Amino acid sequence: MDVLISTLNPSSFAAQIPLANAAKIAGVKRFVPCSFATIAPPRGVMVLRDMKEDVFDHVKKIRVPYTIIDVGWWFQLSIPGLPSGRGQYATIMAANTVAKDGDLPSALTDSRDIGRWVARIIADEKTLNKQVFAYNEVMSPNQVRDLFERLSGEKIEYHSISEDSILETIDRVKSSKQPQDVNKLYSMQYLYSIGIRGDNTPEYAQYLGYLDANQLYPDVKKNSLQSFLQEVLDGKAVSAYAHKFAAAKN
């Protein structure tokens, strides 16, 4: 097998340890462990990243050829709620809460473009045993809001949450095993990393040693946030994880 790509939810991350062992025995030429998220420090800021780094460490320990791919924050999770309710069908959580003033930039990607990025990355020998950051564009929450206001003709209300409030919430739920608290921990740590620390940027990715997919493959056709938000307004968008919700209903 040439390439093995892992795409798992957090509860299954540990299953990649035996998967990597099997890949080693089978002589897999490239193992892509499950990352596919925002740029963050290797440890100590986000529990989800800590769990992924455990897998990365094991892959490197047993010397399986690898490529780690991160993709920033999805367009599909960046849709602010409108007063009219337009676009609500496409959201699983309205992006109307921002950290502090909402001015920090963040790398954003249309989830439909991830497969296109990955196809180029795994066919490139330069990305073997490297980390690669693939993203469509970089915008702050305020820029996203301004763009959606212009397209929709509506005024969007944002709610600011302070650094202290985010950290207090993280501290309160971090030891809980209740599903709602675990999800709250994940969301607050994302907000802290992206909105307070400003981790999810090409500059920080470069500092951490990532290759930039936009520099490697400037010819890749990728969707813009503007065109995606117009799809939302036109009723043509699909919400994040729509396939999972559909399966649950069935």
Side-chain angles (χ1 to χ4, degrees), residues 36-39 70-117 133-163 165-166 169 180 183-184 186-203 213-214 218 220-249:
F36 302 110
T38 58
I39 297 299
D70 277 311
V71 296
W73 192 249
W74 292 358
F75 287 179
Q76 285 74 9
L77 300 177
S78 306
I79 309 168
L82 295 170
S84 68
R86 278 195 302 166
Q88 187 173 354
Y89 74 94
T91 66
I92 61 171
M93 55 179 185
N96 291 69
T97 298
V98 298
K100 294 180 69 174
D101 55 14
D103 278 337
L104 287 185
S106 177
L108 306 173
T109 302
D110 191 324
S111 63
R112 298 169 298 181
D113 289 333
I114 294 173
R116 186 176 294 113
W117 282 120
F133 188 32
Y135 58 95
N136 288 25
E137 53 190 293
V138 180
M139 299 182 74
S140 70
N142 288 342
Q143 289 174 317
V144 175
R145 178 196 59 194
D146 293 346
L147 175 59
F148 206 28
E149 284 184 342
R150 178 168 60 81
L151 294 173
S152 66
E154 299 187 39
K155 186 69 174 177
I156 298 171
E157 182 178 353
Y158 265 8
H159 309 285
S160 176
I161 182 169
S162 69
E163 179 178 353
S165 180
I166 293 172
T169 301
Q180 66 271 21
N183 289 334
K184 174 66 74 172
Y186 294 164
S187 64
M188 285 294 102
Q189 288 186 328
Y190 266 120
L191 194 60
Y192 177 66
S193 175
I194 296 171
I196 300 297
R197 288 178 48 88
D199 292 329
N200 187 41
T201 65
E203 291 78 17
N214 280 280
V220 167
K221 294 181 180 179
K222 52 189 184 289
N223 200 15
S224 70
L225 181 63
Q226 178 170 328
S227 63
F228 169 74
L229 292 177
Q230 190 61 57
E231 286 183 62
V232 172
L233 294 173
D234 293 341
K236 299 177 181 178
V238 177
S239 68
Y241 305 114
H243 61 295
K244 291 187 178 182
F245 296 138
K249 290 179 181 178

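All figures in this text were calculated on a predicted structure; none of them were measured in a lab. Sequence positions, counted from 1, serve as the residue numbers for this chain.
Using modelled atom types, one finds no donor on one side chain facing an acceptor on the other under 3.5 Å when comparing D103 with S140.
Side-chain atoms of I92 and L77, non-hydrogen and from C-beta on, do get closer than 4.5 Å to each other. Residues T38 and D70 have side chains not in contact (no heavy-atom distance under 4.5 Å, counting atoms from C-beta outward). The shortest side-chain heavy-atom distance between L225 and Q143 does not fall under the 4.5 Å cut-off.
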| message | Go through it in stages, so that I can follow the logic: the residues are N223 and E231, the test is side chain to side chain contact (heavy atoms under 4.5 Å, CB included), and I'd like the CA-CA distance, side-chain angles, deciding distance and then a yes or no. | response | CA-CA 11 Å; N223 200 15; E231 286 183 62; 3.5 Å; yes

| request: Kindly determine whether D110 and K222 satisfy side chain to side chain contact (heavy atoms under 4.5 Å, CB included), including the steps that lead there. | output: CA-CA 8 Å; D110 191 324; K222 52 189 184 289; over 6 Å; no

| request: Assess whether side chain to side chain contact (heavy atoms under 4.5 Å, CB included) is satisfied between R112 and Q76, documenting all intermediate values. | output: CA-CA 9 Å; R112 298 169 298 181; Q76 285 74 9; 4.0 Å; yes

| field | side chain to side chain contact (heavy atoms under 4.5 Å, CB included) assessment of I39 paired with T201 | value | CA-CA 7 Å; I39 297 299; T201 65; over 6 Å; no

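One distance of note links CH2 of W117 with CD1 of I114; it measures 11.0 Å at 0.5 Å rounding. For the atom pair CD of E149 and CG of L82, the computed distance is 9.0 Å after rounding to the nearest 0.5 Å. For the atom pair CG (L191) and NZ (K184), the distance works out to 9.5 Å, reported to the nearest 0.5 Å. How far CD1 of I194 is from CG of L104: 10.5 Å, rounded to the nearest 0.5 Å. Between atom CD of residue E203 and atom CZ of residue F133 there is a gap of 9.5 Å, rounded to the nearest 0.5 Å. Considering OG of S239 and CD1 of I79, their distance stands at 8.5 Å, rounded to 0.5 Å.
Nearest heavy-atom pair, W73 versus S106, reported as atom, atom and distance to 0.1 Å: CB-OG, 4.5 Å. Pairing each heavy atom of T109 with each of A134, the nearest pair is OG1-O, 3.5 Å. Contact detail for Y192 and E163: the closest heavy-atom pair is CE1-OE2, 4.1 Å. Shown here for A37 and Y190, the closest heavy-atom pair between the two residues is CB-OH, 3.8 Å. In terms of heavy-atom proximity, V144 sits nearest to S78 at CG1-O, 3.6 Å. Of all non-hydrogen atoms in G72 and N200, the two that sit nearest each other are CA-OD1, 3.6 Å.
Within a 6.0 Å sphere centred on CD of Q88, other residues, nucleotides and ligands contribute 12 heavy atoms or fewer.
Within the 3.5 Å criterion, the main-chain N or O of S152 finds a donor-acceptor partner in the side chain of R86. Judged purely by atom type and a 3.5 angstrom limit, N96 uses its side chain to pair as donor or acceptor with the backbone of E157. Checked by atom type and distance alone, the side chain of T169 pairs as donor or acceptor with a backbone atom of S165 at under 3.5 Å.
When each of Y241, F228, Y135 is checked for a ring pair (Phe, Tyr, Trp, His ring centres under 6.0 Å) with W74, only Y241 meets the rule.
Not counting sequence neighbours, the partners of Q226 by the side chain to side chain contact (heavy atoms under 4.5 Å, CB included) test are L147, R150, L151, S224.
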